[in-house]
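Heads up: the structure comes next, in structure tokens.
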Amino acid sequence: MKKIFCILCHKITNPLLYTVNYLSSFEENVILIHVDAKSSMDEFEVFTAKNVFFVRDRVDISWGGYSLVDSTIKTFNEALNFNFDYMFLISGDDLPCMTNQEINDLLSSIEMRNLIHYQDKRNTYVDPLLRVRYDYPHYFYKKDKSLPEKVKTRMFRLIMPFYVSRRFKQDAHKVAKFYKGTNWISLNQKTLQALMAFINANDWYRDLFHHSFISDEVFFHTALKEIGVTDNYHDENKLNDALRYIDWTTGPDYPRILDSSDLERIKASGCVFTRKISSGIPYEFFEKLIQ
């Protein structure tokens, strides 16, 4: 089965090394990597397999901003230049939980349905309109805020109704409904083609999100609903419909940085990928994960 793995990253980590080296060892796979434009490409020369490629039009990515949507759009557009049956979007902090053959078997068993999770009773609900409706000030786009920035963030939330974006007022009515979910999605080739045809043909849709906040969790989910994609996998007995093992509950980090103590839970989850993995995780962990 021909698969393409689109990876968004900014540095070399052990999980990235293990993932790329393992998946690229199968000729049926293509690895397409978007490296943050702030990062040097020199260290990525470690990847020499003939089926590993890099996105040429790189984006300078900032936390919480539209840049993550933009980098994903550019990566998906470049992915469509390759011949594949199925696409996975992952980060440099992810590891596969299945062997390559097990991934193929899973895709066959679910009849190539899309692995995309829309928030439901398995999640704490977040209103997707909050991500899109407002023009957020610059200090929102810092993951580690200073005390004054935290205070200003709280104060801004009190006056948000006065900062509805001009684009939202102008074009939001064109969207039937906004949706949110896990941004790490997996799509069959037909769905990815339809998704990018819609996004590339509608400047107003992209512009609607330019001053949004953490909108990568809304942008693609809403677009997929807009174009009427219905061939999605769904199983409420799984952690989520994207089949990604992510721990949002135990902390102290959210999501939790996973290590060897999480190994058995990850393996029992039935997920395809897991994140976020400690950057220095030893190879033995990966070996046991897909054993």
Side-chain angles (χ1 to χ4, degrees), residues 6-11 13 34-41 55-77 89 91-93 119 123-175 178-185 199-200 202-223 246 248 251-257 275-276 279:
C6 297
I7 305 178
L8 307 180
C9 65
H10 67 282
K11 65 179 181 179
T13 63
H34 177 282
V35 179
D36 190 324
K38 293 189 293 295
S39 304
S40 169
M41 291 298 297
V55 175
R56 291 162 292 184
D57 188 9
R58 297 192 290 152
V59 176
D60 184 339
I61 299 175
S62 60
W63 182 83
Y66 177 77
S67 55
L68 187 52
V69 172
D70 193 25
S71 62
T72 307
I73 290 173
K74 287 178 166 56
T75 302
F76 284 172
N77 276 327
L89 176 66
S91 82
D93 298 318
Q119 60 180 351
N123 317 107
T124 300
Y125 179 79
V126 175
D127 185 354
L129 282 176
L130 292 176
R131 301 288 179 85
V132 188
R133 187 192 296 270
Y134 306 104
D135 280 332
Y136 286 91
H138 66 89
Y139 49 82
F140 263 74
Y141 304 107
K142 289 183 66 176
K143 191 171 185 179
D144 299 314
K145 295 179 178 62
S146 65
L147 180 58
E149 288 168 336
K150 290 179 180 178
V151 172
K152 286 193 291 185
T153 298
R154 287 179 177 271
M155 292 178 63
F156 179 78
R157 295 190 185 280
L158 299 176
I159 59 173
M160 283 172 64
F162 299 101
Y163 287 85
V164 178
S165 77
R166 178 180 61 85
R167 286 289 186 181
F168 187 88
K169 292 177 182 178
Q170 176 180 304
D171 293 321
H173 70 278
K174 298 178 183 178
V175 178
F178 289 87
Y179 295 86
K180 179 190 174 297
T182 304
N183 58 322
W184 305 106
I185 59 178
I199 291 171
N200 294 331
N202 292 284
D203 293 346
W204 66 267
Y205 186 76
R206 300 193 302 275
D207 292 345
L208 186 59
F209 289 83
H210 273 185
H211 297 287
S212 56
F213 180 59
I214 318 184
S215 60
D216 53 305
E217 298 177 342
V218 177
F219 184 92
F220 298 101
H221 291 68
T222 300
I246 309 172
W248 286 101
D253 308 293
Y254 297 95
R256 170 180 157 80
I257 305 298
R275 69 182 314 271
K276 300 175 66 171
S279 62

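Keep in mind the model is a prediction, meaning the values are calculated, not measured.
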Exercise. Heavy atoms only: give me the nearest Gln170-His173 pair and the separation to one decimal.
Key: O-CE1, 3.1 Å

Practice problem: Please indicate whether Lys145 has more than 12 foreign heavy atoms, meaning atoms of other residues, nucleotides or ligands, lying under 6.0 Å from its NZ. | Solution: yes

Exercise. Could you go through the side chain to side chain contact (heavy atoms under 4.5 Å, CB included) check for Asp127 and Phe178 one step at a time?
Key: CA-CA 9 Å; Asp127 185 354; Phe178 289 87; over 6 Å; no

Quiz prompt | Phe162 atom CZ: more than 12 heavy-atom contacts under 6.0 Å | solution = no

Quiz item: Taking the side chain from Ser215 and the backbone from Val218, do they hold a donor-acceptor pair closer than 3.5 Å?
Solution: no

Quiz item: Taking C-beta and beyond as the side chain, do Leu68 and Trp63 meet within less than 4.5 Å on heavy atoms?
Solution: no

Self-check item: Straight-line distance of Trp184 CH2 to Thr182 OG1, nearest 0.5 Å
Solution: 11.0 Å

Quiz item: Side-chain contact, heavy-atom cut-off 4.5 Å: Asp171 with Asp207?
Solution: no

Exercise. Report the distance from atom NZ of Lys276 to atom OG of Ser91, rounding to the nearest 0.5 Å.
Key: 7.0 Å

Self-check item: Side-chain heavy-atom pair Val59, Lys74 within 4.5 angstrom cut-off
Solution: yes

Quiz prompt | Donor-acceptor contact present, side-chain Tyr141 to main-chain Ser62, <3.5 Å | solution = no

Quiz item: Would a distance-only check, ignoring hydrogens and angles, find a side-chain to backbone donor-acceptor pair under 3.5 Å from Arg131 to Ser212?
Solution: no

Quiz item: So, does Ser39 use its side chain to make a donor-acceptor pair with the main chain of His10 at under 3.5 Å?
Solution: yes

Quiz prompt | Any Asn123 side-chain heavy atom under 4.5 Å of Trp248 side chain | solution = no

Quiz item: Is any side-chain heavy atom of His34 closer than 4.5 Å to a side-chain heavy atom of Ile61?
Solution: yes

Quiz prompt | Separation of Asp70 CG from His210 NE2 (nearest 0.5 Å) | solution = 7.0 Å

Quiz prompt | Minimum heavy-atom distance between Leu158 and Pro161, given as atom pair plus value | solution = O-CD, 4.1 Å

Quiz item: About how many Å separate CG of Asn183 and OG1 of Thr72, when rounded to the nearest 0.5 Å?
Solution: 7.5 Å

Quiz prompt | Aromatic ring pairing Phe209/Phe219, orientation class (parallel under 30°, perpendicular over 60°, tilted between) | solution = perpendicular

Quiz item: Any side-chain heavy atom of Ile214 within less than 4.5 Å of one from Asp216?
Solution: yes

Quiz item: With no hydrogens and no angle check, is any side-chain donor or acceptor of Thr13 less than 3.5 Å from a backbone partner on Gly92?
Solution: yes

Quiz item: Is there a side-chain contact between Asp203 and Arg206, using heavy atoms and a 4.5 Å cut-off?
Solution: yes

Quiz prompt | Between CD1 on residue Ile185 and CZ on residue Phe220, distance to nearest 0.5 Å | solution = 6.5 Å

Practice problem: Could you grab the distance from atom CG of Leu147 to atom NZ of Lys152, nearest 0.5 Å is fine? | Solution: 11.5 Å

Using a 3.5 Å cut-off and no angle test, enumerate the donor-acceptor pairs between side-chain atoms of residues 132-140 and protein atoms at least two apart in sequence or in another chain.
unit_1 : atom_1 : unit_2 : atom_2 : d
Tyr136 : OH     : Leu130 : O      : 2.2

Quiz prompt | Heavy-atom pair with the smallest gap, counting every atom of Asp36 and Arg58 | solution = O-NH1, 3.0 Å

Self-check item: Taking every non-hydrogen atom, the tightest pair across Gln119 and Tyr125
Solution: NE2-CE1, 3.2 Å

